[in-house]
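Quick notes on the structure that follows.
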Amino acid sequence: MATAEAAAHSEGKAGGTYAGGLWSWITTVDHKRIGILYFLSGLFFFLVGGLEAMLIRLQLAVPENTVLSAEVFNQLFTMHGLTMVLFAVMPMAAGAFNYIVPLQIGARDVAFPRLNAFSYWLFLCGALLLNSSFFFGGAPSAGWFAYANLTSSQFSPGHGMDFYVLGLALAGAASIVAALNFIVTIINLRAPGLTFMRLPLFTWMTLVVSFLIILAFPPFTIGTIFLLFDRMFGTLFFEPSGGGDPVLWQHLFWIFGHPEVYILILPAFGIVSDVIPTFSRKPLFGYPVVVYSGILIAFLGFGVWAHHMFSVGLGPIANSAFSGLTMLIAIPTGVKMFNWIATMWGGSIRFRAPMLFSIGLVAMFTIGGLSGVMHASAPADLQQTDTYFVVAHLHYVLFGGTIFGLFAGIYYWFPKVTGRLLGERLATAHFWLLLIGMNLTFFPMHFAGLHGMPRRTFTYPAGLGFEGYNLASTVGAGITLLAMLLFLLNFVRSLRSEATAGANPWEASTLEWATSSPPPVHNFDVTPEVTSRDPLWYDGIALPAGEEEFHMPNPSYWPLVVAGGILMAAAGALVGLPVALLGAAVALAGIYGWSFEPIH
Amino acid sequence: MERTSTGVPNEKMLMWAFIGSECMLFGSLIATYLAYRGRSIVGPYEEELLNIPFITVTTFVLLMSSLMMVLALSAVQRGDPRGSKLFLLLTALLGLVFLAGQVFEFNHFAHEGLGLGRNLFSGTFFLTTGFHGAHVTVGVIWLLTLWAMAMRGRLGPEKSLKVEVAGLYWHFVDVVWIVLFTVIYLMSGASGA
Amino acid sequence: MTDGRPRVPGHRRMLMFAALAIASVAAACGGDFPQSSLRPQSDVAREIDSLFRGIFWWAMVVFVVVEGALIVAIIRFRERPGAPKPRPVHGHTLLEIGWTLAPAIILIFIGVPTMITLWRIDRPPERSEVRVEVVGHQWWWEFNYPDLGITTANELHVPVGKTVDLRLRSADVIHSFWFPRVAGKRDLVPGRVNQLWFTPDSVGVYPGQCAEFCGTSHALMAMRLHVEAEEDFERWVEQQLREAVEVEEAGDDPLVSAGRDLFFGAGGCISCHQIRGTVAAGILGPDLTHVGGRGTIAAGVLENTLDNLASWIKDPHDVKPGNLMLDMGLDDEQARQVAAYLLSLE
């Protein structure tokens, strides 16, 4: 059989079976292992960000509370935002990109396996660098949006903002590198017959998100470099006394920051677009429309950044343009919702955990989307911006949307990754508790905001009517925490259960279910040929006879060396020039070692 | 070469996507430069400093390096080791000449009192052109590495993709300079003489 | 697989439970909301409010349609034993066109009023009857009335029914001026001058606060808006225009005179604060000429009482972390004396 021969062929080259031990994980270039690393790191930071949120809610439980000092509170809400966006949601999604996309397109790995390992290590270096600020004089405390000129060395002395700039530079570069890799992988490594209009929606949305990442991160990188130069070398980019304009930062930040929210939500949309058909036993309704609406959302996402700036005073022309463009996004988003419901319509719906979370996404994202339309209206937004109404909105789309979508993905693909199913009873309890917890946390925030409670305040006085809403939110946060504990319990218990899932436990239609669970190192013994959009349902797959020759890439430690060198160079900006130069030298040496190392 | 769905080699597609990302990077720098043009509060101002004839010469040098790059790729593709070595070296050397011109210019500006934090022009100018200079530097190192491979006879026609990808990068960096030359120098209002 | 079936009614029950929980929370909180954007007291705020309410009802329509369709779908099409395999429907062009057009049409009903309101409130006012220059500081508000020659802090007095025309700028970082009862937010951006206007239509005192994160004590950058009847406003203006000297001669409590000595001497207060009519001419802190007449101190954080004022003077960083007011090392007694003096400045 092809399998045995193929395994024998690549023996000793990490082709047949996985080598064990820590070193094999450190040097791995296998997309599945990197996916697991991404996911576990993201899950870890999700818990960190969650604990930060718990502390925030604890402080706000009652008015004039003194659990946290103002400075610590400000650090926590800053790090909560950064951690959740960049170090929890993005890496968890990247974990799914890594593990699932090559399987969905019938490839043996990503296009550039070592580059893939490099983006993981660089992301990890960035995350650790930024979080280490807690131990070196305090984390950044100017918000994740870090509006200039509050971030200048005059108003933010100390190193918090330097950690922000350097940590995010690393994480941003890591995201760009990973996204470049996925663009090439998806465009170039599709199995024969797997045309673009046959790609699973998750792969499609990964592609769209990858384009968003490579186009949205550079303006932010430039903004952080300006900030770094302002702080370290006295340039005047955001310095009003020298003619600089703090609003420039807002433009650069939101040109990144708004597409970023689509970077966070589109993978979740991709997941539920795969999950809903599977559990309705019906193909996705209006496939091309769902694809095009995803692309349209991404495209419009670049033209709406100034809707975060309605109160800046850009004038009625700019405000009406951005107001109108922002409203347009509601159309493709609504279209997606309707197509998902239409997919369920006439189906045979199985309420398993992935489906519960997907339904949860449709229900909750709708609420977040509608409040989004409310502040797309610039005059209405003048009352809503920077209040808890926006906090409610963004958590309905990011928690009710992205986190629910990611959990749908976790429950859906856990058996593929581990060969085991997550316990269904705990999963159901997790879903309901999370749904109740998040609604109790975030729904009252709508009222708090409309009644005049601003965001990012470490305390609020009694007598303005905010007390009940805040107490409810804190109780809700506690329920959310409980739900997460149930999930972790389920996760650990299920890992120890028996591997009985089989290749396709959900009777799904896409290619990742055509191989064993977990898949072999080389994914597929022979590259499948695809002749339909749902290959496993409608006889859309053909396995060519005969054996296939392939080489799996060698493990390599160079990606880690290069990432470590870059980390050292970044730390050198804080520690001193010699360290920076040494780091640069290590990185350069690493790049040479990498370039001249044989791949196979 | 590996089979790809589109027929375009992976490395080449990677470079094209990377160039797309770089466009946003330089686009942000250029947009900032334009937004801040003429808003410096203290001198020296751009029109007093920018030396268009001098930069025209270094621009020409950089354009010639692009021509050399084309010749180098063609030499590698047809398996001409002498031409490969010669044109790769020439490309890198012309890049170095351009960089020397930039070092000279930066030095001159510093002597004229334009420190990095002097005014808005200094910050936007040094960062924008400096970013481009850093890209040229990376390109020169890359080209010299390829040249060293050619010198050791390890850059045959089967490796021409490596040169092609480096060439894509090099041409992109040149094109960016054409834009910068136009935006920063030609549109500055500095006198041509 | 039957484990989905019994859960469907449960699903509905849970939804109703959630809705009830939310409703009861909302009811429990149904107190007085002095800072609410939903209780407008000016032309601008009323216009925004009615725009918002219009959008809200459209959103409710969409909400009911989408969530309703979702609930019907998951109940009607849940898996049943023996049911035939679902038909593989791939799409329906007319439906797609329909649910693309429907939101587009709703957006017209939201977009047109949005534009009308936007172009009315985002332009200079038709009349400009009370001009005030607002300067944001970390973390307090400076109000200058250029036409009246008045400078005060944290408490904005305006006459009812007159169009208030504000010019907003910042002395340090970005702040955002927000009195939800009378207008939406407008940022105070260093290096720029922004404009905001409104015509308050009811007498009252309305709280407001900074709405753009501006550093450590952003949460403590509150302010008060006093909308007054014309004659009350005139009286306030008159009183503000008096110099402090006249006030000082009024009484001579020993506590007050000790405080006065400290204020102008060892306390060092005059290096930052101004009291018009005296040698105190500092410009870094708020003008204190009539501080005794204000209802609150420390940017709306504390009631203006002797105890509060004394504790603020004694340890300003305890009240407002990170703020620029210096701790002058006064003891409790001295702080009380200075406070007594300041309260005498009505």
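Proteins come first, then strands; the chains are lettered A, B, ... in the order of their sequence lines, and each starts at number 1.
In this structure, no portion of C/A102 lies under 4.5 Å from any heavy atom of chain A. Contacts between C/E47 and chain A at a heavy-atom distance below 4.5 Å are absent for every atom of the residue. Heavy-atom distances place the side chain of A/F155, and not its backbone, under 4.5 Å from chain C. With a 4.5 angstrom heavy-atom cutoff, A/Q384 touches chain C via backbone and side-chain atoms both. With a 4.5 angstrom heavy-atom cutoff, A/F238 does not touch chain C via any of its atoms. With a 4.5 angstrom heavy-atom cutoff, C/P321 touches chain A only via side-chain atoms. Interface residue A/S280: only backbone heavy atoms are found under 4.5 Å from chain C. For A/P283, the parts sitting under 4.5 Å from any heavy atom of chain C are the backbone and the side chain alike. Of the two parts of C/W178, only the side chain, counted from C-beta on, holds a non-hydrogen atom closer than 4.5 Å to a non-hydrogen atom of chain A. Neither the backbone nor the side chain of C/D49 comes within contact range of chain A, judged by heavy atoms closer than 4.5 Å. Contacts of C/P207 with chain A are made by side-chain atoms alone, with heavy-atom separations under 4.5 Å and no backbone atom involved. Only the backbone of C/R87 comes within contact range of chain A, with heavy atoms under 4.5 Å apart. Contact annotation for A/Q250: only side-chain heavy atoms (C-beta onward) come within less than 4.5 Å of a heavy atom of chain C. Of the atoms belonging to A/A448, not a single heavy atom falls under 4.5 Å from chain C. Only the backbone of A/L284 has a heavy atom closer than 4.5 Å to any heavy atom of chain C. Proximity to chain A (any heavy atom under 4.5 Å) is shown, for C/V89, by both the backbone and the side chain. Using a 4.5 Å cut-off between heavy atoms, A/S141 contacts chain C through its backbone alone, with no side-chain atom that close. Proximity to chain C (any heavy atom under 4.5 Å) is shown, for A/V335, by both the backbone and the side chain. Neither the backbone nor the side chain of A/I276 has a heavy atom closer than 4.5 Å to any heavy atom of chain C. Using a 4.5 Å cut-off between heavy atoms, A/Y538 contacts chain C through its side chain alone, with no backbone atom that close. With a 4.5 Å cut-off on non-hydrogen atoms, C/F56 touches chain A through its backbone and its side chain both. Both the backbone and the side chain of C/L118 come within less than 4.5 Å of a heavy atom in chain A. Residue contact with chain A, scored on non-hydrogen atoms closer than 4.5 Å, involves the backbone and the side chain of C/A69 alike.
The shortest side-chain heavy-atom distance between C/K85 and A/S348 does not fall under the 4.5 Å cut-off. Residues C/E67 and A/V362 have side chains not in contact (no heavy-atom distance under 4.5 Å, counting atoms from C-beta outward). The shortest distance between side-chain heavy atoms of C/P180 and A/Q383 falls below 4.5 Å. Proximity of C/W58 to A/V373: side-chain heavy atoms (C-beta onward) are nowhere separated by under 4.5 Å. For the pair C/E79 and A/I349, the minimum side-chain heavy-atom distance is 4.5 Å or more. Between A/L450 and C/S36, every side-chain heavy-atom pair lies at or beyond the 4.5 Å cut-off.
The choice from C/C214, C/G322, C/S176, C/G191 that makes the most heavy-atom pairs within less than 4.5 Å of chain A is C/C214. Per-residue heavy-atom pair counts under 4.5 Å with chain A were compared for C/T93, C/V301, C/N194, C/L168, and the maximum is reached by C/N194. In terms of heavy-atom pairs under 4.5 angstrom with chain C, the leader among A/L382, A/I317, A/N319 is A/L382. Ranked by heavy-atom pairs under 4.5 Å with chain A, the first of C/S170, C/P103, C/A73, C/A45 is C/A73.
In summary, the side chains of A/N339 and C/E96 do present a donor paired with an acceptor at a separation below 3.5 Å, with no hydrogens or angles considered.
Of the listed residues (C/D187, C/I174, C/V173), just one forms a side chain to side chain contact (heavy atoms under 4.5 Å, CB included) with A/P246, and that residue is C/I174.
The shortest non-hydrogen separation linking C/A211 to A/D386 is O-CB, 2.9 Å. Between A/I367 and C/F63, the shortest heavy-atom contact is CG1-CE1, 3.5 Å. C/L51 approaches A/P379 most closely through the heavy-atom pair CD2-CB, 3.7 Å.
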Stepwise side-chain contact (heavy atoms from CB on, under 4.5 Å) test for C/W99 and A/I331: CA-CA 9 Å; C/W99 57 51; A/I331 299 174; over 6 Å; no
Worked verdict on C/Q35 versus A/M453 for side-chain contact (heavy atoms from CB on, under 4.5 Å): CA-CA 8 Å; C/Q35 197 165 298; A/M453 182 166 172; over 6 Å; no
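Under the 30°/60° scheme for interplanar angles, the aromatic rings of A/F389 and C/F52 are found to stand perpendicular. Using the six-membered ring where Trp is involved, C/F213 and A/F145 have ring planes that are perpendicular, over 60° apart on the 30 and 60° scheme.
For A/D245 and C/R192, the salt-bridge test passes: some basic side-chain N is under 4.0 Å from an acidic carboxylate O.
Judged as a ring pair (Phe, Tyr, Trp, His ring centres under 6.0 Å), and not counting sequence neighbours, A/Y287 has no contacts. Scanning for salt bridge (charged side-chain N to carboxylate O under 4.0 Å, His left out) contacts around C/R76 gives an empty result, with sequence neighbours left out.
With values rounded to the nearest 0.5 angstrom, C/L220 atom CG is found 9.0 Å from A/T457 atom OG1. Taking CD1 of C/I55 as the start and CG of A/L370 as the end, the distance is 11.5 Å to the nearest 0.5 Å.
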